[in-house]
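As the structure is a prediction and not an experimental result, all values here were calculated from the model. Heads up: numbering here begins at 1 and tracks the sequence.
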Amino acid sequence: MSGGSDSPFAHEMTLPNTDDITVAINGENDVVIIPAGTTNINRALLTQSHGQAPGDPHGHWISADGKRIITPNINTHDAGFYDVEDGKIVARTATGDGQHGAHPIAIGMLPDSSKVYAANLLHHSITVMDENDGHFIKNINLIEHYNPISGDITGPIGILPIQSPVSPDGKVMVTASYGGQLVVIDTRTDTIVKTLPCDPGCHGANFGAKKGGGYYAYVTNKFSNRLIVIDPDPNGDGDLSDAEVAGAVTLVADNSVPKDDTVSNMAGYGGQGVVALPNVYNGWAQNLNSQWSAGLTDQQRNPVQ
């Protein structure tokens with residue numbers, strides 16, 4: 001569903017209604033669409049109008065009905081909202097309180113597509129916007145409890161946020177922060193509930209189904225060989241204050257995979273994007289065949305009820 005970041009390509013994601021692949025071109029100014037089962041680019045959605053500065057889109061997200069794509073535009077410090085059918089730009093909304101150099105880098109979205117979240121890497125914040133017209137709702141300050149003068153930390157913080165997916169049921173967002181924090185955010189109030197430890201270079205995040213119900217968040221780290229597993233609601237009571245690190249998977253190099261060189265050191269390091277299978281996000285979960293949906297609960301098959 002989402003891949004690692006590498007210029008000029010950034011992240012990949014399928015359209016839930018067609019399985020066509022969308023790729024954000026970070027080194028250019030568009031999101032290209034590759035029809036399912038092919039290797040040819042069918043068309044491109046431009047991330048800027050004529051005369052506008054290049055957007056350099058990065059980790060985008062798609063609405064559950066496949067009609068809207070939202071990109072974080074690093075170069076223009078905003079989020080772009082695009083109509084998939086006609087390719088038109090619906091809105092360009094400033095992120096990070098409109099600060100120059102906020103560096104929006106990844107998008108998250110509620111499963112009913114009502115709210116969009118943009119992680120601002122260099123502003124240490126999450127900007128909340130309305131999916132319908134892109135209007136600004138609020139800014140979540142991830143370093144509110146940090147005093148830069150004294151160095152005191154009086155509450156949960158997140159430094160250098162990157163991927164920030166919302167759980168398929170829409171209850172929680174987990175933000176992988178490059179400074180080594182996992183920020184748990186309650187999407188009902190758009191406030192930080194808790195911070196959990198992450199490894200250096202905390203980068204990629206995505207949700208997958210938890211056996212018996214609920215969801216795990218899987219998080220990669222660029223400077224460790226661990227995939228960290230987060231349970232945001234261990235007992236399923238809706239109280240996110242008991243979110244916890246449920247475990248970790250040690251990553252090693254697979255020497256059977258074709259490659260053009262030999263791994264000489266740090267095998268399993270460098271984690272960026274991550275995808276959990278089966279894909280249980282709203283819009284995608286309903287399209288799973290019987291083989292992939294076996295073992296899922298009714299709620300996981302239909303995340304928004």
Side-chain angles (χ1 to χ4, degrees), residues 55 57-64 68-74 76-82 89-148 153-179 181-196 202 205 207 217 232-233 238-241 243 281-282 304:
H58 202 79
H60 62 297
W61 202 267
I62 301 173
S63 61
R68 188 66 53 85
I69 293 178
I70 295 90
T71 64
N73 298 321
I74 291 173
T76 50
H77 332 297
D78 58 26
F81 293 69
Y82 316 98
I89 299 174
V90 177
R92 292 277 291 270
T93 306
T95 66
D97 287 332
Q99 294 293 317
H100 183 81
H103 207 92
I105 197 169
I107 297 295
M109 187 185 295
L110 286 186
D112 64 1
S113 304
S114 60
K115 283 193 295 188
V116 173
Y117 299 87
N120 302 300
L121 179 70
L122 301 183
H123 193 253
H124 315 295
S125 67
I126 305 287
T127 299
V128 189
M129 296 159 285
D130 185 280
E131 187 272 342
N132 184 53
D133 58 9
H135 79 256
F136 172 85
I137 297 176
K138 69 176 292 187
N139 215 52
I140 305 173
N141 183 1
L142 301 183
I143 56 172
E144 178 182 0
H145 301 120
Y146 168 67
N147 187 319
I153 299 175
T154 57
I157 65 168
I159 300 172
L160 302 170
I162 304 186
Q163 283 197 288
S164 303
V166 177
S167 60
D169 58 9
K171 296 178 180 179
V172 58
M173 178 166 61
V174 171
T175 295
S177 295
Y178 206 65
Q181 306 87 25
L182 286 163
V183 183
V184 179
I185 295 175
D186 188 330
T187 57
R188 295 169 297 183
T189 59
D190 290 331
T191 56
I192 301 174
V193 176
K194 194 171 187 178
T195 298
L196 297 169
C202 194
F207 279 92
D233 188 10
D239 181 1
L240 305 177
S241 64
Y281 284 93
N282 188 40
V304 178

Pairing residues for [X] by the side-chain contact (heavy atoms from CB on, under 4.5 Å) criterion, not counting sequence neighbours:
X	value
Ser125	Asn120, His123, Asn139
Asn141	Ile143, Glu144
Leu122	His103, Leu160

Please identify each residue that fulfils salt bridge (charged side-chain N to carboxylate O under 4.0 Å, His left out) with [X], with sequence neighbours left out.
X	answer
Asp190	Lys115
Asp186	Arg188
Lys194	none

Rounded distance (nearest 0.5 Å) linking atom CD1 of Ile137 with atom CD of Glu131
10.5 Å
For Ser113 and Arg68, does a side-chain donor sit closer than 3.5 Å to a side-chain acceptor?
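No, Arg68 and Ser113 have no side-chain donor paired with an acceptor closer than 3.5 Å.
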For the residue pair [X] and [Y], what are the closest heavy atoms and their distance?
X	Y	answer
Thr127	Ala94	CG2-O, 4.3 Å
Ile105	His58	O-CD2, 3.1 Å
Pro168	Val304	O-CG2, 4.5 Å

Under 4.5 Å between any side-chain heavy atoms of Ile192 and Leu142, yes or no?
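They are in side-chain contact.
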Using a 4.5 Å cut-off on heavy atoms from C-beta on, say whether the side chain of Tyr82 contacts that of Thr71.
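Yes, close enough: below the 4.5 Å cut-off.
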